[in-house]
There are 2 protein chains.
Amino acid sequence: MKTLRLTSNDRAILLKSSFLGRLPRSTSEAVIEDATVSTHEEDDVLFRQGDGIDEVFVVLSGLVRLYRVGKDGREADLAVLQAGEVFAESAIFLGHHATASARAAEASIIARLDGRRLRQLAVSNPDVAQAFIELLCHRSKMVEDLLAQDRLHTAPERVANYILSNCPSGSTSFSFRLPFQKNVLAGKLGLAPEALSRAFSKLRQSGVVVRGRMIEIRDRHALERF
Amino acid sequence: MKTLRLTSNDRAILLKSSFLGRLPRSTSEAVIEDATVSTHEEDDVLFRQGDGIDEVFVVLSGLVRLYRVGKDGREADLAVLQAGEVFAESAIFLGHHATASARAAEASIIARLDGRRLRQLAVSNPDVAQAFIELLCHRSKMVEDLLAQDRLHTAPERVANYILSNCPSGSTSFSFRLPFQKNVLAGKLGLAPEALSRAFSKLRQSGVVVRGRMIEIRDRHALERF
DNA sequence: GGTGCTTTTTGACCAGGGTCAAACAGCTTG
DNA sequence: CAAGCTGTTTGACCCTGGTCAAAAAGCACC
């Protein structure tokens, strides 16, 4: 882990992130004034559940897994975050403790925003408060979606939904490249890697062709019917 | 469904609710100024996923289930809400659409706060914004907890955790009354009623005695080890 | 193109929990 | 107290998905 300064590319990503993107430019520029940046190797732990933290994190590049650990040591992913995504924002309002652990799933660059400063801003600047509220609403909805997926759908259905969520709504046939290893996708969907693999092979009969990280969908409607 | 006016008891519950309880008294009194109240029979649907709503709901008495429906019609509970609890607060910030359906699990009385008014207040009054932020942080954490429970723990473990969460931390032996039917508890834990029943009977060997709605714990530590 | 990794797939097996049906309470109500 | 309901428990069965082990693909680096 190494600390560095914001590059102009970093700034651009920050300004478009799911939190700062909601703010007027002048405000967001002020917020990132004192941002710090750090790089992390694959598998580096950023913080553990229960750790005291007082910062909001933003992924600048790479991939971060947010997870909880069971008493047998198994890890359950709560979220997988890509460039531009924000995490640990609840901690700064909720007793400054992380509600989950975070670990780089590949080499990553992470920005941090000071919690105290953000809390002050949230009080003095309605735009900032509003941005937090919207961010948190989206967060709740995302986790709700995950929970509903888990409780209502089987593995192949979840995979089908994931694929469909990565697909332009117009075309009936298309293809895209997985943004991470199947490994990680499995965790995100709450599956063992083997189960993901089997799900893919079951979807083959609905016109899904998997070659390495490339996913090809021959017939969108067949997939939706699944 | 019948509409009525706030009784003084209703007011007391509202003022202590998980949202208004965070506000200075003068503010919260102002907020409930224009609250409306309605009564609902068991199984009444308050709204369905996707419905346009622009209100925040508060349970004054009774019990409300928040759930999503799968395409086969199965319902998965996302939350079970008791008196004093707030729901649907994301909707007023997220395009005014319900992200889940809500249904009374028993005869219930519900208060509603106008969404437009609350949004205005969130902008003009930092206390209100702050209260929303904290409410939403708690909400995210609660759903995260649920998801982690689902992914990490077996049915008996979830039930054990539920029991422990209802137990004073001091005593090693104690008992309490379930606040709702086992039916509902099963849904809340993401289980079929039969699975809940089996989980209870497995916990018997760890000193949990179930008689109707009464749960008796003989040995807290045995339960924690489970 | 070979060599040695890591990631993914496949197979075999097993456990958790869903489902259906039937037996059992616990309550109301007549 | 009997008769009905409704909610809960138990049993039998099956399906999904987890786990372990081994084969197969990919991929990077000679």
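Order of the sequence lines fixes the chain letters, A, B, ..., with proteins taken first and strands second; residue numbering starts at 1 for each chain. Scope of the values below: all heavy atoms of this structure, side chains included, with no hydrogens, waters or symmetry mates.
- The A155(A) side chain lies nearest to dG17(D) when the options are dT10(C), dG17(D), dT10(D).
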Steps toward side chain to side chain contact (heavy atoms under 4.5 Å, CB included) verdict (R213(A), Q181(A)): CA-CA 7 Å; R213(A) 278 199 190 179; Q181(A) 287 187 322; 3.6 Å; yes

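- The distance between atom CZ of R74(B) and atom C1' of dG17(C), rounded to the nearest whole Å, is 12 Å.
- Here dG17(D) presents its P atom at 12 Å from CD of Q149(A), a figure rounded to the nearest Å.
- Of the candidate nucleotides dT9(C), dT9(D), dG17(D), dT9(D) has the atom lying nearest to any side-chain atom of S197(B).
- Ring planes of F180(A) and Y162(A): tilted class, angle from 30 to 60°.
- Along DNA chain D, the nucleotide nearest to R213(A) and the one nearest to R158(A) differ in position, and the one closer to the 5' end is contacted by R158(A).
- As rounded to whole Å, 17 Å separates atom C1' of dG17(D) from atom CZ of R151(A).
- Rounded to an integer number of Å, the gap from CG of L152(A) to P of dT16(D) is 16 Å.
- Between K182(A) and dT9(C) there is a side-chain polar atom (N or O) within less than 4.0 angstrom of OP1 or OP2.
- Rounded to an integer number of Å, the gap from CE of M214(B) to P of dG7(D) is 21 Å.
- Taking each heavy atom of L63(A) and S108(A) in turn, the nearest pair found is N-OG, 3.0 Å.
- When the P atom of dG18(C) is taken as reference, atom CG of L196(B) falls 10 Å away, rounded to whole Å.
- Atom CD in E106(A) sits roughly 15 Å away from atom C1' in dT6(C) (whole-Å rounding).
- Of the candidates L189(A), L164(A), T154(A), V159(A) forms a side-chain contact (heavy atoms from CB on, under 4.5 Å) with just one, namely L189(A).
- For the residue pair S38(B)/H40(B), the side-chain donor-acceptor check at 3.5 Å is satisfied.
- Of the candidate nucleotides dG7(D), dA12(D), dG11(C), dG7(D) has the atom lying nearest to any side-chain atom of Q181(B).
- Computed from coordinates, the K202(B) NZ to dA15(C) P distance equals 11 Å when rounded to whole Å.
- The base of dT8(D) is not paired with the side chain of R211(B) by any donor and acceptor separated by under 3.5 Å.
- Where F200(B) and A192(A) meet DNA chain D, the nucleotide closest to each residue was compared, and F200(B) sits on the side nearer the 5' end.
- Closest to the E194(B) side chain, of the nucleotides dC20(C), dG17(D), dT10(C), is dC20(C).
- Of the candidates dG7(D), dT10(C), dG17(C), the closest approach to any side-chain atom of T154(B) belongs to dG17(C).
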